[in-house]
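Down below is the structure, laid out as structure tokens.
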Amino acid sequence: MTGIRWWQWFNVLAVDAAVIAVAWQHTLASGTGEMPGFGASTVLALSVWLTYTADRLFDVRRKSIHDLLSVRHQFAKTYFLTLWKIWAVILGLNVAIAILFLSRDQLSNGLVLLAGCLIYTFINQKIASRFFPKEFFVASIFACGAAVFIELPLMDTFALALLCLLNCLLISGKEVSIDRALQIRSLSSDRYRNRSSVLAILLMSSSLPLIPTSSGWPIALSAIGLGIIYLRQDKIHLEKFRVYLDSTLLVGPSLRLLAAAFE
């Protein structure tokens, strides 16, 4: 396994995805006045981590470390059994927190989302080598996860899903060699790469005027940031590209929450 630099650890450990999910949960909730409590935020963070980590562990289970081109997959392969043990402990902790701190409605919504995550993981592992539009499903699940414990306008959730879709398409478009090594065919595979990225950008730009003001400008800022990084992608190393894109998703929430603190 190649050396892991300090700026890669959040991504390698899948912590970045959990932080991004909670940041958007609070950002979208701030527009409704219904802020999520400890239970909702913690269960969301742990659930996202569990989903991302399990997906990586399943991806590498039958692969040699020499076939893995990304640092995150090499790390998952190197510490395969240890990560599964930690995963089991986190799962138990997540279930306990959900039972203790979530309302009955929140638990019901969470179970529906859990079912969706399990179905996605199963189908992805079964047919990804032929074709599976994982970017679409990851974006949908991520957006629904941010909204599952609070009541959000449908347009807010849809806009976040589009932002996540754009992020996923740009990442997988850049990481086509990594997916090829994992025998994964998705919307950003060679055949669909250019068309899917253009489609995502068009969807995002056309929907921005329809997004409510409270969540529109944070989403717009992150979308613009993704676009700038996309235009400069040829000058950005593969590993840095993913970190930059994921970090850009935090720009909108960070500024929105900062503005809210001064209101």
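Under the 4.5 Å side-chain heavy-atom criterion for ILVMFWY residues, no single connected hydrophobic cluster contains both Leu111 and Ile90. No continuous path of ILVMFWY side-chain contacts below 4.5 Å connects Leu118 to Leu113, so the two sit in separate hydrophobic clusters. Using a 4.5 Å cut-off between side-chain heavy atoms of Ile, Leu, Val, Met, Phe, Trp and Tyr, with links allowed through other members, Val243 and Phe241 fall into different hydrophobic clusters. Taking hydrophobic clusters as Ile, Leu, Val, Met, Phe, Trp and Tyr residues chained together by side-chain heavy-atom distances below 4.5 Å, Leu93 shares a cluster with Val22. Residues Val112 and Phe122 do not share a hydrophobic cluster, clusters being chains of Ile/Leu/Val/Met/Phe/Trp/Tyr side chains in contact below 4.5 Å.
A distance-only check finds a donor-acceptor pair linking the side chain of Trp24 to the backbone of Leu249 [under 3.5 Å]. A donor-acceptor contact shorter than 3.5 Å links the side chain of Lys77 to the backbone of Val60. Side chain of Lys174 to main chain of Arg242: no donor-acceptor pair is present (N/O by atom type, distance under 3.5 Å, no hydrogens or angles).
Atom CG of Leu221 sits about 11.0 Å away from atom CG of Leu226, to the nearest 0.5 Å. Rounding to the nearest 0.5 Å places CD1 of Ile20 at 9.5 Å from CG of Leu163. Note: Ile224 CD1 to Thr248 OG1 = 11.5 Å, rounded to the nearest 0.5 Å. Note that CZ of Phe38 and CG of Leu100 are 9.5 Å apart. Values are rounded to the nearest 0.5 Å. In this structure, the separation between OG1 on Thr27 and CG on Asp156 is 11.0 Å, given to the nearest 0.5 Å. Considering CG of Leu68 and CD of Gln74, their distance stands at 6.5 Å, rounded to 0.5 Å.
Scanning both residues, Phe101 and Gly39, for their nearest heavy atoms gives CB-CA, 3.7 Å. Here the shortest heavy-atom pairing between Leu69 and Glu239 reads O-OE2, 4.2 Å. Listed here is the closest heavy atom pair of Gly252 and Ser222: N-OG, 3.2 Å. Tyr120 and Ile141 get closest at one heavy-atom pair: CB-CD1, 3.6 Å. Taking both residues in full, the closest heavy atoms of Ala23 and Leu250 are given as CB-CD2, 3.8 Å, listed atom of the first, atom of the second, then distance. The shortest non-hydrogen separation linking Trp49 to Ile86 is CH2-CG2, 4.0 Å.
With a 4.5 Å cut-off on side-chain heavy atoms, Asn11 and Tyr52 do not count as touching. Looking only at side-chain heavy atoms (C-beta outward), Asn109 and Leu102 stay at 4.5 Å or farther from each other. For the pair Trp87 and Leu91, the minimum side-chain heavy-atom distance is below 4.5 Å. Side-chain contact between His26 and Ser41 is present, with heavy atoms from C-beta onward closer than 4.5 Å. Counting heavy atoms from C-beta on, the side chains of Trp9 and Val15 never come closer than 4.5 Å. Side-chain contact between Cys164 and Leu160: present, with at least one pair of heavy atoms (C-beta onward) separated by less than 4.5 Å.
Within a 6.0 Å sphere centred on CZ of Arg232, other residues, nucleotides and ligands contribute 12 heavy atoms or fewer. The number of heavy-atom neighbours closer than 6.0 Å to CZ of Phe10, taken from other residues, nucleotides and ligands shown, is 12 or below.
Relative ring orientation between Phe75 and Tyr79 is described as tilted, the plane-to-plane angle lying within the 30° to 60° band.
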